[in-house]
Every structure is written in structure tokens, then in C-alpha cells.
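Worksheet: one structure, shown below.
Treat the numbers as computed from the prediction; the structure is a model and nothing was measured. Sequence positions, counted from 1, serve as the residue numbers for this chain.
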Amino acid sequence: VQLQASRGGLVQTGGSLRLSCAASGRTFSYLAVGWFRQTPGKEREFVASISSSGGNTYYADSVKGRFTISRSNARNMVYLQMNSLKPEDTAVYYCTSGSRTSYIAYDYDGWGQGTQVTVSS
């Protein structure tokens, strides 16, 4: 599966942004999808994941209650709605797919190119 994340952007503290991830390939609906983020000099950090059916979602404590992950298997799309953004959310965001949901980046094997999200204070 090939993944293509939408362009991120610059947003003020407290603002909202929605990232999209478009997938190609007929197996997309069988795959879990995750969002990770990374800042310079740091490990890639888990943000959220969603099961293949969309019935189960998981979030990092740092984004719980502010971010929402969803998917449309009919459209081969995954979304990350980010609300109440904080400067510490600034990072390059990646979408990825794998056989199961996981907090661990190594458990995923299909990665899209990253997209920059910048939250200004």
C-alpha cells in the first residue's frame, strides 16, 4: 500500500487542522493505520492508530481528547483531526499502515512521506 499525506500547515495555538492520508491498493481496508510524528533529534512518536474496520482507535496521552483519527475504507482515506493545537504539537507527521494497531513504529511497514505541522505560539 502506498500512502500519501496531505499538506500540513501553519496554525496558531488553539487552532485546528485536519490531515488526510490517501492510500492506494486494494488491501487498504484490511490494514491498520497509524499516525506518528517526529521532531529533529527525536525518535518517531506515536500519535494515534485505527483498526482496519475503524472500530478501534488509540491515542497517545498527549493528544487524547484533542485529536481524532478516522477512516473511510470506501475512499481509501484516513484522517487526523487536530484541535486545540499546542506549540508542542509542531512536528513532521507521518501516516503508516500495518497488519495491526500498535504504538511502535517498527510494527508498521508502509510509510507515507511526512508533512510539516507548525503551531505558532
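- A distance-only check finds no donor-acceptor pair linking the side chain of Gln4 to the backbone of Cys21 [under 3.5 Å].
- Here the closest non-hydrogen pair linking Ser51 and Gly55 is OG-N, 3.3 Å.
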Audit row: Leu31, Val1, side chain to side chain contact (heavy atoms under 4.5 Å, CB included) steps and yes/no = CA-CA 9 Å; Leu31 297 174; Val1 173; 3.3 Å; yes
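- Because its NZ or CZ atom is both nearer than 6.0 Å to the ring centre of Phe28 and within 45° of the ring axis, Arg71 counts as a cation-pi partner of that residue.
- With 3.5 Å as the limit, one finds a donor-acceptor pair spanning the side chains of Gln116 and Thr118.
- Put simply, OG1 on Thr115 and CH2 on Trp35 are 7.5 Å apart, with the number rounded to the nearest 0.5 Å.
- A donor-acceptor pair under 3.5 Å links the side-chain atoms of Asn73 to the main chain of Ser52, judged by distance alone.
- Cluster membership for Leu17 and Leu80, using ILVMFWY side-chain heavy atoms within less than 4.5 angstrom, is shared.
- In this structure, CG in Leu3 is found 12.5 Å from OG in Ser20, a value given to the nearest 0.5 Å.
- Put simply, OG on Ser6 and CG on Leu19 are 5.0 Å apart, with the number rounded to the nearest 0.5 Å.
- Between the side chains of Arg18 and Gln81, no donor N or O sits under 3.5 Å from an acceptor N or O.
- Clustering of Ile, Leu, Val, Met, Phe, Trp and Tyr side chains at separations under 4.5 Å places Tyr58 together with Phe36, Phe46, Val92, Tyr94, Tyr103, Tyr108, Trp111.
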Candidate pair Val33 and Thr96, rule side chain to side chain contact (heavy atoms under 4.5 Å, CB included), full reasoning = CA-CA 6 Å; Val33 175; Thr96 180; over 6 Å; no
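- Other residues, nucleotides and ligands contribute over 12 non-hydrogen atoms within 6.0 Å of the CD atom of Glu88.
- Atoms OG and CG, from Ser29 and Asn76 in turn, are 7.5 Å apart once rounded to the nearest 0.5 Å.
- Of the inter-residue distances, the one linking Gln38 atom CD with Glu43 atom CD reads 7.5 Å to the nearest 0.5 angstrom.
- The main-chain N or O of Arg75 is found under 3.5 Å from a side-chain atom of Ser72 such that the two form a donor-acceptor pair.
- Put simply, Val78 and Tyr59 are part of the same group of oily side chains (I, L, V, M, F, W, Y) that touch within less than 4.5 Å, one to the next.
- Linking Ile, Leu, Val, Met, Phe, Trp and Tyr whenever their side-chain heavy atoms come within less than 4.5 Å puts Phe67 and Val117 in one cluster.
- Under the 4.5 Å side-chain heavy-atom criterion for grouping Ile, Leu, Val, Met, Phe, Trp and Tyr, Val47 is connected to Leu85 within one hydrophobic cluster.
- In terms of heavy atoms, Ser84 sits closest to Ser16 at N-OG, 4.4 Å.
- Look at Asp61 and Lys64 and you find a salt bridge, because one of the NZ, NE, NH1 or NH2 atoms lies within 4.0 Å of a carboxylate O, short of that distance.
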Ser49 vs Arg100, side chain to side chain contact (heavy atoms under 4.5 Å, CB included): CA-CA, chis, key distance, verdict | CA-CA 9 Å; Ser49 63; Arg100 61 185 179 91; over 6 Å; no
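- Put simply, OG1 on Thr13 and CG on Asp89 are 9.0 Å apart, with the number rounded to the nearest 0.5 Å.
- Heavy atoms from other residues, nucleotides or ligands lying under 6.0 Å from CD of Gln12 number 12 at most.
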Could you give me the CA-CA distance, side-chain angles and deciding distance for Ser62 and Glu45, then say whether side chain to side chain contact (heavy atoms under 4.5 Å, CB included) is met?
-> CA-CA 11 Å; Ser62 59; Glu45 174 191 26; 4.1 Å; yes
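- Heavy-atom minimum distance, Thr90 versus Val119: OG1-N, 2.9 Å.
- When hydrophobic residues (I, L, V, M, F, W, Y) are linked wherever their side-chain heavy atoms come within less than 4.5 Å, the members clustered with Ile104 are Tyr106.
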